Structures are given as structure tokens and as C-alpha cells.
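Residue numbering restarts at 1 for every chain, and letters A, B, ... go by the order of the sequence lines. Excluded from the calculations below are hydrogen atoms, water molecules and symmetry mates; all remaining heavy atoms, backbone and side chain alike, are included. Because the structure is a prediction, the values reported are computed rather than measured.
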Amino acid sequence: MFDGYLLSLILALPALGAAVLAFLPAENRSLLRNVALAACLAAFAASLLLWTGFDPSTSNMQFVEDHAWFELGGFQARYALGIDGISLFLVLLTTLIMPLCILASTHIKKHLKAYLCSMLALQVGMMGVFIALDLVLFYLFWEVMLIPMYMLIGVWGGQRRIYAAIKFFLYTAAGSLLMLAALITLYQYNVTPNFNIVEITGALSDGRISIPEGTAYWLFLAFFLAFAIKVPLFPFHTWLPDAHVEAPTAGSVILAGVLLKMGTYGLLRFCLPLFPEIALQMEPTISCLAIIAIIYGALVAMVQPDVKKLVAYSSVSHMGLIVLGIFAFNLQALEGATFQMLNHGISTGGLFLLVGMIYDRRHTRLIEDFGGLAQVMPRYAVFFMIITLSSIGLPGLNGFVGEYLTLQGTFLANPVYAAFAATGVILSAVYMLWMYQRVFLGKITGEANRQLADLNLREMAVLMPLVLLALWMGVQSSQFLRPMDASIQKVVDRIEQAREPQSFRVENLGR
Amino acid sequence: MDANYIAILPELILCGLGILVMVLIPSAGREGQARLGYLSLAGIVAALVASALLWGNQGTALFGMVFQDAFGNFSRILLLFASGSIALIALPYLRREGILMGEFFCLLLFATAGMTFMATSADLVMTFLGLETLSIATYVLAGFRSKDLRSVESAWKYFILGAFSTAFMLYGIAFIYGTAGSTKYQAIAEAVSRDGGLPITFAVGVGLLVVGFGFKVAMAPFHVWAPDVYQGAPLPVTSHLAVGSKAAAFVALLRIFQQVFPGLEGDWNFVFWTGAVLTMAIGNIAALAQSNIKRMLAYSSVAHAGYLLVGMAAGNPLGAQGILFYLAAYAFMTIGALAVVQVLSRPGEAGIDLDDYKGIGFRFPFLSVSLSVFLISLAGIPATAGFMGKFFIFSAAVQERLYWLVVIAVLTSAIGLYYYLRVIVLMFMHEAESEPPAPTLQPSLRAVIGLLILGTLVFGLYPAPLLELANQAVQF
């Protein structure tokens, strides 16, 4: 019944929540929390309607909204929203993670109102990135989300929060400015009356728009850099450990859970369909960087003394695998990569939540300070185990499906890459399990650890959805993969078309 | 060809009121000065309404000395909006600093009349007269805090360099008159498009004209006066210099190069290209090193002249449209930022070092959030009018295939991010070192700042109405 404006509604609910928050008294903390939570839950409920109403048989955009926005020099920027199989679950992931983050933010006492407003503004930006179809609108959301994240790290972060916040901001903003230059240049070649990504992709594939190869190369590079910084791909990853470590728990969860996905989503939605020829040319270089990220991230994670830093570097490794899958250009790998985006959101998001919970109790995250926690906090140990297993890809849990598909697809494309990537997967089991062993098993080492309270009801309520989802996605993966099929097949077709000689294009003119 | 005084009604209101205020100063006494301020404000609003009502008129007036067109009216409304906000912001400032208000507002009215004449002028002599009316009034305004050496220095510097630039401009006008045979824009335009072109002396004239305007808009390398003058001038005058005076010079420049010299374009784009690159680079890099927020905003204002010059270098209708939009956005954010700085400052303009902003974020939420919005807009981050303006201007440049110019503009904007954000970092992420007393925020100032924020955000999210008006305005 909301079909005509469901996406706008999902976008507006958190914004509305933030507006209401602004007028509430700052002293009444529980009221503030409840209003923010209600706004996030309402957005989540609305986004479930997207899933139930989604038609998996088509690759077309669904729930489309398209209104005039502004006109400039003969072309129209439009308020165009829509989702397909690629963005559907990323939207759901966002709306799911946000209420959990609000629930997990009870330790925030300082400037709570501003904190919650930043979180809700962040949600608007992230949602917008996944559902915007107009390139200008996409860019707007892409940048809008920077400021609240910057504030989250800089105001509510740890010791070196200011350094981390500025580093985060400058890295990502530098990337996005390049993307802006590319966007403006792209519009010079545009023959469609507006700036809709679907129409531009269509016009590129049937030859109505042709971009000289030299220009296309630079454009690809500009887009790719913006996304690679966000992913972050080696060697652009150095902002990530700082940002993750310094950010408050909810900030890390959002960073890992959703923000990094904006990079891989951008690769899948823009880089590949817009410039498939260049993507094919650049594939060896990018795959190489992805493999370095996988192995380097894993090796660095292994030696981290700080659990949060370990999880941060594991992110670099996991995101490398996703990029590798995307640049394998076949259905299995792309679906695996997309599935893996969701997995990473769930497992890494979960890990950051868990690390935050122990940090709230002990105010340390160093592995050496712990040991034998399983005896003191059995429930915590169980949750930690499940999420760890999900992260390292144990069959039966979600991680396995994503990693398997990605590796299989990569193997089809290039067995050597797959061999390297598999090493990374093994390494991930090593560092995660080794960390688990040192923290949870053995004797209780520190005296301070004996009195630790186990998880309370609220904390279990935060973790339970993630654990259940990890199981569900592991067992019933087809429910998640089916809706992606058509949309991802379309991306694969686009790449295949670029591989083929010119004759193939003529046949496809009617598409 | 007749006088048609209705067409210059806004200017008549401004000048008439200026004279009236001047006459009333002695009789108003110390207490009545504020009333003169409100009277002037009412006059500026009346002039603004008159300009809006004149929208749609065509042709020339005042014996062919001024145009009646959408461009003139759009620019007038923009300039009057800037002056009106500045007048309202200046009232509490003047009271606090103990500056006589009558003279201030009288000069502001004359300066504003000069600016609006520059916007509608159809004759180089008229442009020059407008510019001089603006400049002479502004020289005096810059020195209004006469007890402060900086203010005196500011007025002197501005006067000497301003007189210098005026000489350049007048010399240029003389060359143009000598070769084209007229100072009327239409006659010059006809001469330009005549077969065989014009002798080299015409180019010399245009060059000197560009130098003269270059001083006024603070185009590098003619920008050197700007930081000192902006810093020394009283805060509302800084706003007037950075916004009103610069915008007036830009619209006059825009009209000359887009309406009068369209046949000349190709040769001059390079001058603007170079000027834009230098101005953006110098403004942004120098702003990095500032420890005083007023001086930082002065360099930022130089940088913004650079972005506007990118639109001049593009030299197409899209660029003109972009410049008009950007000037409006620039007015919102710069006047807004300086208004917040004024509220946060203490008598004698103390407390405007960046260090004074440490930790005020959560203490004065309205002011710091407002300042953040203006700075974010200046930095060109989306959802603000500042971003939209940059987007339009850069698009115009790419349309002319000025790729390198856009790349440089984007890179220098990236430098800008750092110093704008540094203020936000200081406000929200640092702890306060001392407990400054809470600033007094008058309801009128709260209203102006609120209005400017509204403009910054609404046109950042939905630029269509303003963009459409700007589009009508550039259909010469």
C-alpha cells in the first residue's frame, strides 16, 4: 500500500526521528533513546515490506520513485529511488544494524542527544546511497553520511579520536571529490535526458553513449579510487584500523557493518556496469591488490594484541575477498561477494558489539588481559563462538556460503587467485580461533576477570538477531541468493558483452 | 530614450534615504541612532521589494545608462539581501562597540546604491560611477573602529590600493572608448562584432578593465590587500566587503564579458583560467596557516573568488547561471559565518582566535551548529547550497572541456576541507581551556542566522527555484 513512496518513507523515518529528538529535553535520557529506537525500528519494519513485496524474477529496479529535482543546462537531476536484488539486502542490513546499535549504546552518557541525532543522520545517508538511482542524488547521500560519522568518531571516540576522525574524513573526502570530478565529466557524454544510473548503463551498453577509451580509463579510475578507499582496499586501508579502534562501539559496528559495503556496492553498481571494458583491463591489478589485502590483512590481524584492532584488520582481509569476487566477473563469484557483504556486516558487526561489551566491563581490549573467560561468562563465550565461526566460514553458518561461492567463482576465473584467497580463509580461522583460545579458554588469569558479569537481557537481545540470522543465512541461503540472481546476472551480462567482439552489441540493441 | 525613473526606483529609495539619514543624524541624538538603523533597514527592504516588482521589465532607462532586465533585478535582489542582512547584523555590533550608527547606515545605503547601479549599468561610465560610490563609502566603513590601529590600517590599505585599481579601470575605459567610439555597452558590442575586429589598443583597454575588477574581486595576484583589509575592518564591514562588494564586481564583470564581449570570449578565458587557478591555490593554501578565524575566512573568501572565476573561465551561459547561484549561496554562508563569529566575539573584537573556539560546541549549541553548517557549506559538502554552487560551476567548466581547471578546483577544495573542518574539530572535539561568558544572542540576530541557515540548506537540497531564476537572469 506504500509502494509508491515506501523508499522515501524508510528514508524519512530516521530523519523524522532526529527532528523530534532535537526538540526533546536533553536530560531525559531514556526518552531520547526510546524515540531513536522507535524511529529505527519503524524504518526496519517498513524495510521488511520491501522484502515481502520484492519480485525476484526481474532485474529491473523496483519500488521506483522518480520526481523532478532540478534542471541544469538541459539535463535533469531527479529524485530517483529504487532497489534491485543487489541493494535490497543492503538496505535490510542497514535497517537491522541501526536499532541494534542504538540498543548497544547505553554506555554513551556524554551529549546523548547529539549522539543519537548523528546516528539517525548517518542512517539517512547510508540508506540513500543504497537506494539512490540518480548519480547526483547518490553523490549527495554519499557525502552526507561523512559528517555524522566524523562526529561519532571525533566526539565519542577513544584516546586518539581526533586524529582518527580527521584521517577518516580526509581519506574518504579526497576519494569522493575525485568521484565528483568523474561524475561531472560523465555528464558531458550523457545523451539521456537525466542522470539515472540505469538509463546511462543502458545507453552505454547499446552504444548510444560512447566514451573514448582514454577518458573512460580516467573515469573508471576516479570512481574506483573513491570506492576502493571506502572498502578499503590495500593500500588505501590505513584509515580503517584507526577509525575502528577509536570509534565508539556503535560507530565501529556501523563502519564495518554498513559503511564499508558502500564501497563494494559502488564497484558493483557503478564501476562494473559503466566501464566494463576498463574493468576487464584493470582486473589483474585490482585482483592482485585484493589478494594482498586478503593475506596482508590476515597476517597483520594475527599479531594484534588488541581484539578490536584484530577485528579491524580481519575486515581488511574479508573485504579483500569481496573485491576479488567482484572482479572475477561470473555469477557465482558476484553472488558470493554480495552474500559475503551481508555476512561481513553480521559477523564483523557482531564481533565489534561483543568487543564493546567486554570493554564496557573491563575497560581493556588487550588479549593478554583475558583468559578463561568462558568460565566466568559462559553466555558471552557462546555468542562469541558462534559469531567467530560465522566469521571464519564454518559450514552451516552464513560465512561458509559466501566464502564458498566466492572462491568457487574465483577458481573458475583464475585458479591461482583462488589458491591465494583460500590461504587467506585458512589464516582467518587461525587468527580468530587463536584469539578465542587466548581469551576464553584455559585458566582464569586476571583477578579482575573473576567478578565479570555475564551478558544481561539487553545485550542478548542485541546479539540474538545476528546469531539467528547467521544460522538462517547458512541453512536457507537460497532465500537470500534467489532475489539477487536476476540483478547480478545483468551485471555479468554487461561484462560478457564487453568481452565479446562488436557483433554481439548489434544484437543487443533492443535491450 | 527617456529617464523612466521607475526603473531605478530601488536606487532612488537608497540614495534618498541615505541623504535623509545623513540629515537626521544631528537631530536623532545618541539615543535615536538605532532608529536610523531601522529606517535604513526598512529602506533596503523597500528597495528589495521594488526590485522584485520590476522583474519582467525590459529595455533601458535613465537615458540608456541602465538596463532593465532579469539579470539586473536578480543581482539587485541578491545585493540588497546581503546589505539588509548585514544592516540587521550590524545593529547590535555597533551598539556594543560604541560606533555611531547614523553615519554607518548612511554609508551602507550609499554603498548599496553603488552596488545595484553596477548590476544594472549599461554604460562603462555608469559602471565606474557605481563602483566609485561603493568604494568610497566602503573605504570609510573599513576604518570605523577608529580606535583600533588595525581598522585604520585596513581603511588606508583599501583606500590606496582601491584608488590604484580605479586608475587602472579608468585607463582601461579610456582605451575602450578610444577604439570602440562609445562607452555604451550596446555600441561597444556592435563595434566588437564589426568585421575586421578592433585594434590592439582595445585589448589593452579590456586588459586594464580586468585588472581593475581583479582588485575588487580579489583575484590573484591582485588579492594581496584582501586579508589585511578584511581582518581589520569591523565584522559587518568584512561581510560587506567579502559578499556585497565582491558580488557587485562579479555581476558587473559577468555582464561585460557575457553580454558585451561575447565575440571576445576565446581570448580572455585564458586570463580567467590563470586567475582562477592562482586565486584558488593561494586562498586555500594561505587559509591553512591562519590562527585567527576572521583572517581564515578572509583567505577563504579569496579562494571562493577563485571558484567564481572558474565560472568566468567557462564563459558559457551555464557558467553565468552557476556564478549567480554561487553568489547567492556564498552570501548565505559567508554572512552567516561572520555573523556567528561576531556573536561569539567580545567587545573590541576580542576572542576571534581559533583557540577561543575550543570546546564551545556543546556549550552554545545553536551558535556552533550554525557555524558548522556555514563552514560545511563553504567547504562544499553536499546537502548545502555551497556544494550545489560548486557543482554547477564545475559542470560549466567541464562543458567547455576545461578538465584540468576542474581537477585543480577539486583538489584545492580538498585543501579547503581541512581548515573548515578544523574549526568544527576545535568546537566539538576539544575540551574548553577556560570558561568564557555566554555570548548574548539578540532575537534579531537569531532570526538572521536562522534565515541564512534555511537558505543554505533549502537551496542545498532543492536548488531548482533559485537555479531557474538564475537561468532566466542569464538570458541576455
Side-chain angles (χ1 to χ4, degrees), chain A residues 22 26 68-77 79 110-111 113-114 117-118 121 124-125 128 136-147 150-151 153-157 161-163 165-166 169-170 172-189 215 218 222, chain B residues 316-319 321-322 325 361-362 365 368-369 372-373 376 379-384 387-388 390-401 403 406-418 421-422 424-430 459-468 470-471:
Chain A
W69 186 22
F70 64 85
E71 198 173 327
L72 181 74
F75 99 97
Q76 271 203 326
Y79 175 76
K110 191 171 79 167
H111 314 307
K113 195 160 135 182
C117 283
S118 303
V124 176
V136 183
L137 193 65
F138 168 82
Y139 184 78
L140 188 131
F141 284 122
W142 177 271
E143 289 272 277
V144 157
M145 138 275 127
L146 275 182
I147 300 276
Y150 170 71
M151 296 302 276
I153 300 174
V155 178
W156 293 276
R161 59 182 195 275
I162 296 175
Y163 168 77
I166 294 178
F169 192 92
L170 290 183
T172 39
S176 15
L177 281 170
L178 283 172
M179 181 161 74
L180 176 65
L183 266 176
I184 296 174
T185 312
L186 184 63
Y187 128 66
Q188 297 310 313
Y189 295 94
T215 314
W218 287 108
Chain B
N316 50 16
L318 195 59
Q321 196 186 349
F325 185 95
F362 293 102
S368 5
V369 170
S372 307
V373 171
I376 285 170
I381 294 169
T384 61
F387 163 72
M388 283 296 170
K390 278 208 180 90
F391 179 69
F392 301 149
I393 286 186
F394 295 174
S395 299
V398 169
Q399 205 175 41
E400 298 299 314
R401 310 205 169 276
Y403 298 118
V406 172
V407 167
I408 295 168
V410 164
L411 289 178
T412 50
S413 310
I415 299 175
L417 286 176
Y418 182 79
L421 282 169
R422 189 172 53 177
I424 300 179
V425 168
L426 286 170
M427 289 196 295
F428 288 98
M429 300 179 193
H430 281 274
F459 293 126
L461 288 171
Y462 190 61
L466 188 59
L467 194 62
E468 180 46 37
N471 188 30

Closest contact, heavy atoms only, Ile184(A) versus Ser395(B):
CG2-CA, 3.5 Å
Do the side chains of Met388(B) and Leu140(A) get nearer than 4.5 Å, heavy atoms only?
yes
Region of Leu180(A) in contact with chain B, defined by heavy-atom distances below 4.5 Å
side chain
Among the listed options Asn471(B), Leu461(B), Leu411(B), the residue most often paired with chain A at heavy-atom distances under 4.5 Å
Leu461(B)
Polar side-chain atom of Trp69(A) near backbone of Pro463(B) as donor-acceptor pair, under 3.5 Å:
no
Which atoms of Leu170(A) come close to chain B, meaning under 4.5 Å heavy atom to heavy atom: side chain ones, backbone ones, both, or neither?
side chain
Which distance, rounded to the nearest 0.5 Å, do you find between the CD of Glu468(B) and the CG of Leu72(A)?
11.0 Å
When rounded to the nearest 0.5 Å, the distance separating CZ of Phe428(B) from NE2 of His111(A) is 9.5 Å
Portion of Phe391(B) that has a non-hydrogen atom of chain A nearer than 4.5 angstrom
both
Intermediate values then yes/no, side chain to side chain contact (heavy atoms under 4.5 Å, CB included), Tyr150(A) and Met429(B)
CA-CA 10 Å; Tyr150(A) 170 71; Met429(B) 300 179 193; 3.8 Å; yes
Residue Tyr79(A) versus chain B: region with a heavy atom under 4.5 Å
neither
The criterion is side chain to side chain donor-acceptor pair (under 3.5 Å); which residues satisfy it with Tyr462(B), sequence neighbours excluded?
none
Portion of Leu318(B) that has a non-hydrogen atom of chain A nearer than 4.5 angstrom:
side chain
List the steps and the verdict of side chain to side chain contact (heavy atoms under 4.5 Å, CB included) for Leu421(B) and Ile166(A).
CA-CA 8 Å; Leu421(B) 282 169; Ile166(A) 294 178; over 6 Å; no
Closest non-hydrogen atom pair between Leu177(A) and Ser413(B), with its separation
CD1-C, 4.4 Å
Evaluate the criterion side chain to side chain contact (heavy atoms under 4.5 Å, CB included) for residue pair Ile381(B) and Leu146(A); output intermediate values, then yes/no.
CA-CA 9 Å; Ile381(B) 294 169; Leu146(A) 275 182; 5.8 Å; no
For Tyr418(B), what residues pass the side chain to side chain donor-acceptor pair (under 3.5 Å) criterion, not counting sequence neighbours?
none
Are Pro382(B) and Phe141(A) side-chain neighbours, meaning at least one heavy-atom pair lies under 4.5 Å?
no
With chain B as the partner, which of Gly154(A), Ala114(A), Ala77(A) has the greatest number of non-hydrogen pairs under 4.5 Å?
Gly154(A)
Between Ile424(B) and chain A, which part of the residue has a heavy atom less than 4.5 Å away: side chain, backbone, both or neither?
side chain
Under 4.5 Å from any heavy atom of chain B - which part of Leu137(A):
neither
Can you tell which of Phe459(B), Phe392(B), Phe325(B) makes a ring-ring contact (aromatic ring centres under 6.0 Å, His included) with Phe70(A)?
Phe392(B)
Can you tell which of Val406(B), Val425(B), Thr384(B) has the highest number of heavy-atom pairs within less than 4.5 Å of chain A?
Val425(B)
Under 4.5 Å from a heavy atom of chain A, the part of Val407(B) involved
neither
